[in-house]
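Chain identifiers are assigned alphabetically (A, B, ...) following the order of the sequence lines, protein sequences preceding nucleic acid strands; residue numbering begins at 1 within each chain. Below, each value reflects all heavy atoms present in this structure, side chains not excepted, and no hydrogens, waters or symmetry copies.
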Protein chains: 2
Amino acid sequence: MDITRRDIHSLDIPVLCKSCDVRHKGMCGALAPEELLQLSRQTRQIEQPAGTELVGESTDVDAYDNVMSGVVKLSKTLEDGRQQIIGLQFAPDLVGRLYASESPMTAEAASDITICRVPKATLERLVERNPVLRKRLMDQALRELDEARDWMVTLGRKTAAEKVASLLLLIATHLDPDARGETRVFDLPMSRLDIADYLGLTIETVSRQFSRLKSDGIITITANRHIEIVNLARLKKRCG
Amino acid sequence: MDITRRDIHSLDIPVLCKSCDVRHKGMCGALAPEELLQLSRQTRQIEQPAGTELVGESTDVDAYDNVMSGVVKLSKTLEDGRQQIIGLQFAPDLVGRLYASESPMTAEAASDITICRVPKATLERLVERNPVLRKRLMDQALRELDEARDWMVTLGRKTAAEKVASLLLLIATHLDPDARGETRVFDLPMSRLDIADYLGLTIETVSRQFSRLKSDGIITITANRHIEIVNLARLKKRCG
DNA sequence: GGGCCGCCTTGATCAAGGTCAAGCCGGATG
DNA sequence: CATCCGGCTTGACCTTGATCAAGGCGGCCC
């Protein structure tokens with residue numbers, strides 16, 4: 001469904017389109033990046049290096065960030081510094097939420113990212129007027145809930161080996177979604193520390209598990225970040 | 001706001017009411033039990049003993065269950081039998097969801113419960129027509145997402161002692177919400193196995209942590225289930 | 001009462017994963 | 001080139017929590 005100039009100005013556009021139905025997932029990943037850019041003259045595209053903290057998750061948000069490339073990590077920290085990553089947002093997910101969370105959370109670029117920043121008021125007005133978008137946002141919230149609950153099983157009941165295998169599979173699914181056959185190739189979008197914080201492990205344990213997968217011939221690693229899954233079936237068997 | 005007979009029949013009633021705003025939380029806990037009962041002649045109130053599995057979470061749901069007393073546990077199980085409880089629903093939460101989850105989940109009575117069962121079609125029609133209810137459902141979904149993410153920190157980064165303390169605090173909050181001062185009294189609505197499965201531990205570890213809290217003078221336990229938190233401040237300090 | 005069963009506790013031992021420490025590697029910098 | 005630094009790996013050792021095993025306690029049934 002095409003977006004007309006009039007639609008854009010009224011901020012009441014229909015946002016269903018083929019590409020959305022296929023690709024979009026995540027909390028609020030309901031708009032294609034291109035749509036978002038067209039949506040409002042207040043919308044800006046921004047590049048951020050890895051490590052940058054994003055606004056948009058705290059109570060006084062004034063913008064939502066649509067991830068256009070790279071990966072954003074959401075995390076929570078205990079008082080003594082222990083950290084847990086509670087979600088990864090891949091393109092084209094939208095970071096930030098309608099009706100902000102009351103419990104503190106940080107959003108940070110895990111890799112270098114490009115984001116598309118939309119003023120809070122703009123998006124919320126759009127949501128209020130557009131039932132299709134609203135329905136899609138509800139679906140996305142429920143899907144994020146599902147993902148969080150699935151990951152709770154990983155955190156609570158899987159071994160270190162199973163956790164690492166599960167993460168590789170998750171990333172492969174997002175970064176190499178159309179691949180067929182028994183191999184997958186991608187660059188890890190995050191450091192060992194991030195991986196450990198996502199899995200509830202230490203960097204040493206993560207590193208040892210990578211080495212084991214390597215010596216078992218299931219993956220190859222080059223330049224610390226470039227992963228090739230050589231035998232997908234065997235990796236899946238290790239996910240518990 | 002009162003519910004009139006005409007409203008009930010049109011299934012387009014406003015559902016905001018003082019008691020709701022104050023007490024309701026959880027995925028879809030947007031209706032007061034009394035409202036729900038009045039809502040439709042198809043709504044039935046049912047009693048279930050602990051251990052009963054509820055329908056309502058699988059793909060072919062045909063009903064939603066509003067918890068009126070007791071606690072319902074939501075869980076996921078790995079192929080080899082390892083189980084993780086991924087959420088607890090206290091009265092007056094609503095179990096089941098609009099647009100069912102695709103990843104398998106089980107809902108089971110943790111304690112003896114009373115539920116109020118609403119036909120799926122009835123509730124969904126109501127949601128479609130009632131913007132206030134819809135907004136509240138969205139809020140509840142986001143709140144459940146928050147709760148899941150908070151629990152991910154507990155599962156991934158807390159020690160056994162901190163996990164048990166966190167759970168006691170969580171249950172106290174729900175079952176003895178209006179209490180003041182340094183003590184809380186309640187009956188555990190779940191077995192040691194359920195507790196272990198919620199915390200990602202074994203029953204032995206849970207039991208040992210209870211014994212330790214007891215011998216440290218932070219709680220007292222009688223009849224295995226009756227808990228008195230003697231020193232709330234010290235319990236909170238142990239939550240990490 | 002006696003025996004059984006489910007649920008919980010306690011103790012002894014074990015192993016998965018954490019901690020501490022050393023060293024590697026590649027890129028940046030002088 | 002040498003050096004430094006951050007991120008990663010590897011090894012040695014230790015701690016936490018799992019596992020295995022025994023026993024307690026209360027309810028229930030004969």
Where do Thr114(A) and Ser69(A) land on the side chain to side chain donor-acceptor pair (under 3.5 Å) test, with the steps shown first?
-> CA-CA 5 Å; Thr114(A) 317; Ser69(A) 70; 2.9 Å; yes
Nearest-Å distance, CG (Leu193(A)) to C1' (dT9(D))?
-> 15 Å
Within the sub-3.5 Å range, which N or O atoms of nucleotides 25-29 of chain C have a protein N or O partner, and how far apart are they?
none

Between atom CG in Asp194(A) and atom P in dG6(D), what is the gap in whole Å?
-> 17 Å
So, are Arg82(A) and Glu162(B) salt-bridged, with charged N and O less than 4.0 Å apart?
-> yes
Gap between atom CD of Glu204(B) and atom CG of Leu201(B) - 0.5 Å precision = 10.5 Å
Are Ile219(A) and Val230(A) side-chain neighbours, meaning at least one heavy-atom pair lies under 4.5 Å?
-> no
Taking atom P of dC7(C) as reference, at what distance in whole Å does atom CE of Met190(B) sit?
-> 14 Å
Scan residues 149-170 of chain B for pairs that pass ring pair (Phe, Tyr, Trp, His ring centres under 6.0 Å), counting only residues two or more places apart or in two chains.
-> Trp151(B)-Tyr198(B)
Between Thr106(B) and Lys76(B), does any side-chain donor sit less than 3.5 Å from a side-chain acceptor?
-> no
Round to the nearest Å and state the distance from Leu188(B) atom CG to dC7(C) atom C1'.
-> 13 Å
For atom CG of Asp197(B) and atom P of dA18(D), their distance in whole Å | 11 Å
Value in whole Å for how far the P atom of dT9(D) lies from CZ of Arg225(A) | 11 Å
dG18(C) phosphate, OP1 or OP2: any side-chain N/O from Thr202(A) under 4.0 angstrom?
-> yes
Gap between atoms CZ and P, on Arg82(A) and dG17(C) respectively (whole Å) | 18 Å
Is there any protein nitrogen or oxygen under 3.5 Å from a nitrogen or oxygen in nucleotides 9-11 of chain C, and what are the pairs?
from: dT9(C); atom 1: OP1; to: Arg192(B); atom 2: NH2; distance (Å): 3.1
from: dT9(C); atom 1: OP2; to: Arg192(B); atom 2: NE; distance (Å): 2.9
from: dT9(C); atom 1: OP2; to: Ser207(B); atom 2: OG; distance (Å): 2.8
from: dT9(C); atom 1: O5'; to: Ser207(B); atom 2: OG; distance (Å): 3.0
from: dT10(C); atom 1: OP2; to: Ser211(B); atom 2: OG; distance (Å): 2.4
from: dG11(C); atom 1: N7; to: Arg208(B); atom 2: NH1; distance (Å): 2.9
from: dG11(C); atom 1: O6; to: Arg208(B); atom 2: NH2; distance (Å): 3.4

Cationic N near anionic O, under 4.0 Å, Arg234(B) to Asp216(B) = no
Do the charged groups of Arg184(B) and Asp176(B) touch, with an N to O distance under 4.0 Å?
-> no
